[in-house]
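Note on naming: letters A, B, ... go to the chains in the order of the sequence lines (proteins, then strands), and numbering restarts at 1 for each one. Everything numeric here is computed off the predicted structure, so don't read it as measured data.
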Amino acid sequence: MATMQIATWNVNSLKVRLPQVLDWLAAHPEVTALALQETKLEDKNFPKAEIEAAGYVVEFMGQKTYNGVAMIARAPIQDVQFQIPGFDDHQVRLVAATVQGVRVVGGYFPNGQSLESEKYPYKLSWLDALLAWLPGELSRYPRLALVGDFNIAPEDRDVHDPVKWAGDVLVSPPERERFFKLVELGLVDSFRLFPQEDKAFSWWDYRAAGFRRNAGLRIDHVLLSAPLAAACTACVIDREPRRNERPSDHAPVFVTLAL
DNA sequence: ATGGCTTCTCGTAGAAGA
């Protein structure tokens, strides 16, 4: 039986955060696969050599200014696929790859901006496309982890001030319904497999001292198929990098699997 | 306080993030 850890981190610019990513990986040698979101880099500017020099392999697809995803791994990355098949998306938001027999799907789910924005129906259609695609992926890869920045706080306990946020984007019922449709596909919210402290969040607003006040949301998730959930021994939101200078507004989240 | 802060860009102000 071997232990592997799978992680996700919205780095909000890999250009700025690369040293922090490398430091974090060095401090977490059991992390076999790390899915990144919001790399915000065109492929020609991606720091592939630096990541490989640290002893990792990496697959990536990005674009200027916004979005962009990557998969960093200690072990070979196989069968890489970008974007949701059949969903014509001009925003780079998904990478799927197999690492040590585990299918890791890393997503940067759309934010939606507001319920009135045209970005909100885009978010819902993106979620619907993901929901339509995943059943086949799950049958092909029974060991599957869906990770990333979901931009959905599934329950009120995932929100620092549920009254203030009520009905807003990231917590609206149509988004939450789709999150729980993912659960109905057989994907388990690994964080809730274990006792957790109250007010556990993965994102804190840069503004108004959000982190200091723990005014956050739990929107970064690791969802596991049944065989992986059965092997999961821990799910941790690592707040430590949020204390760095120039931190990402998101914390990394990782699971430990005893496979 | 419908803001705050941080990132990005055919940039130096405005959009977007969540």
Within the 4.0 Å heavy-atom criterion, would you say [X] contacts the bases, only the backbone, or no part of the nucleic acid?
| X | answer |
| --- | --- |
| A/Asp149 | sugar-phosphate |
| A/Asp220 | nothing |
| A/Glu38 | sugar-phosphate |
| A/Val16 | sugar-phosphate |
| A/Arg17 | sugar-phosphate |
| A/Phe109 | nothing |

Quiz item: Quick one: does NZ or CZ of A/Arg218 land under 6.0 Å from the six-membered ring centre of A/Phe201, within 45 degrees of the ring axis?
Solution: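 No.
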Using atom [atom1] of [X] as one end and atom [atom2] of [N] as the other, report the distance to the nearest whole Å.
| X | N | atom1 | atom2 | value |
| --- | --- | --- | --- | --- |
| A/Gln91 | B/dC8 | CD | C1' | 15 Å |
| A/Lys64 | B/dC10 | NZ | P | 5 Å |
| A/Arg246 | B/dC8 | CZ | P | 7 Å |

Quiz item: Can you list, by residue number, the residues of residues 201-209 of chain A that have a non-hydrogen atom closer than 4.0 angstrom to DNA chain B?
Solution: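 Under 4.0 Å from DNA chain B: A/Trp203, A/Tyr206, A/Arg207, A/Ala208.
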Quiz item: Which residues, if any, of residues 115-128 of chain A bring a heavy atom under 4.0 Å of DNA chain B?
Solution: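 Under 4.0 Å from DNA chain B: A/Lys119.
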Quiz item: Excluding sequence neighbours, so at least two apart, what forms side-chain contact (heavy atoms from CB on, under 4.5 Å) with A/Ala145?
Solution: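 Per chain and number, A/Ala145 pairs via side-chain contact (heavy atoms from CB on, under 4.5 Å) with A/Ile6, A/Val147, A/Leu224, A/Leu228.
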Self-check item: Quiz item: A/Asn111 side-chain donor-acceptor pair to B/dA18 base, under 3.5 Å
Solution: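 Indeed there is one.
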Self-check item: B/dA18 versus B/dC8 - spacing of their P atoms, nearest Å
Solution: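 So the two P atoms sit 14 Å from each other.
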Quiz item: Could A/Asp128 and A/Arg178 be called an ion pair, given the rule that one side-chain N must be under 4.0 Å from one carboxylate O?
Solution: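 Salt bridge present between A/Asp128 and A/Arg178.
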